[in-house]
Amino acid sequence: SFMAISTWTCVIFGIGFLIGLYTTCRRHHLNRFPLIGIVGFIIMFAWAAAYPSGNPLHSKSGPILLLLLLGPLLSAILWKGKKFKQLRILSLLSFVIMLLILLRAVPSETIRSNYTGLIQRLVHFGWSLWFISFSLTLLYLSNKWQKKSDYKNY
């Protein structure tokens, strides 16, 4: 179905994203532990593609969300320095937004029946915010570092 193909496409792009981020982090001697969040995303989406909604195994991937949550938290903690200040702020904001998944544990039937989809979309918004800020920050810094190294070669 269209959804399965789209989800597998997200997994493939996620793997490419992970490889690019890993290469950038290694090249610039950055701690690679925050990339565990990207691994969590890839596993979670592969699981959702293999076991779509309605399948009894679909909801069994819940603990993988913990890997995804670790990514922004670790990037906020481990990446110090002025150049990562904005990324740390956005990572913490992303982490807090993704923690709203805990609203599913509230025993209110109103929340469960009316807001489950909204809560899930907030988690998606949280990791999207982190992915975008993560990639833009590293892209900006890579370009900046590249220009410095080009200048030194002359």
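- Using a 4.5 Å cut-off between side-chain heavy atoms of Ile, Leu, Val, Met, Phe, Trp and Tyr, F2 forms no hydrophobic cluster with any other residue.
- Pairing each heavy atom of M98 with each of P72, the nearest pair is CE-CG, 3.2 Å.
- Residues L78 and F95 share a single hydrophobic cluster, defined by chaining ILVMFWY side chains whose heavy atoms lie under 4.5 Å apart.
- Cluster membership check: F125 does not share its hydrophobic cluster with L136, using side-chain heavy-atom separations under 4.5 Å among Ile, Leu, Val, Met, Phe, Trp and Tyr.
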Exercise for review: Might you work through the ring pair (Phe, Tyr, Trp, His ring centres under 6.0 Å) test for F131 and F41, ending with a clear yes or no?
Suggested key: CA-CA 10 Å; F131 280 24; F41 167 83; 5.0 Å; yes

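- Here the CD1 atom belonging to I101 is positioned 8.5 Å from the CG atom belonging to L69, to the nearest 0.5 angstrom.
- One finds the CD1 atom of I64 at 12.0 Å from the CD1 atom of I42 (value rounded to the nearest 0.5 Å).
- For F17, the CZ atom counts as densely surrounded, since its 6.0 Å shell holds more than 12 non-hydrogen atoms of other residues, nucleotides or ligands.
- Within the 4.5 Å cutoff, no side-chain heavy atoms of L90 are placed close to those of F134.
- Within a 6.0 Å sphere centred on CD of Q86, heavy atoms belonging to other residues, nucleotides or ligands number 12 at most.
- Expressed to the nearest 0.5 Å, how far CG of L67 lies from CD1 of I36 amounts to 5.0 Å.
- Here OG1 of T7 is found 11.0 Å from CE of M44. Values are rounded to the nearest 0.5 Å.
- Of the possible polar contacts, one joining the K80 side chain to the I77 backbone as a donor-acceptor pair under 3.5 Å is found.
- Dense packing is recorded around CZ of F84, with more than 12 heavy atoms of other residues, nucleotides or ligands lying under 6.0 Å away.
- Here I15 contributes atom CD1 and L18 contributes atom CG; the two are 8.0 Å apart, rounded to the nearest 0.5 Å.
- Residues P52 and M3 form no side-chain contact, since every pair of their non-hydrogen atoms from C-beta on lies 4.5 Å or further apart.
- For the pair C25/L138, a side-chain contact is recorded, criterion being any heavy-atom separation below 4.5 Å from C-beta on.
- Grouping Ile, Leu, Val, Met, Phe, Trp and Tyr by side-chain contacts under 4.5 Å, direct or through others, leaves I89 on its own.
- Inter-residue side-chain proximity for L122 and L103 is flagged as unmet; no heavy-atom pair is nearer than 4.5 Å.
- Of the residues listed (F13, W8, W127, Y51), the one engaging F45 in a ring-ring contact (aromatic ring centres under 6.0 Å, His included) is W127, and it is the only one.
- Sorted by first and then second residue, the side chain to side chain donor-acceptor pair (under 3.5 Å) pairs involving residues 55-79 (not counting sequence neighbours) are S75-S91, S75-W130.
- Note that the CG atom of L35 and the CZ atom of R26 stand 12.0 Å from one another [nearest 0.5 Å].
- Heavy atoms only, all atoms of each residue included: I38 and G14 are closest at CG2-O, 4.0 Å.
- In this structure, the side chains of L70 and F33 stay at 4.5 Å or more apart for every pair of heavy atoms.
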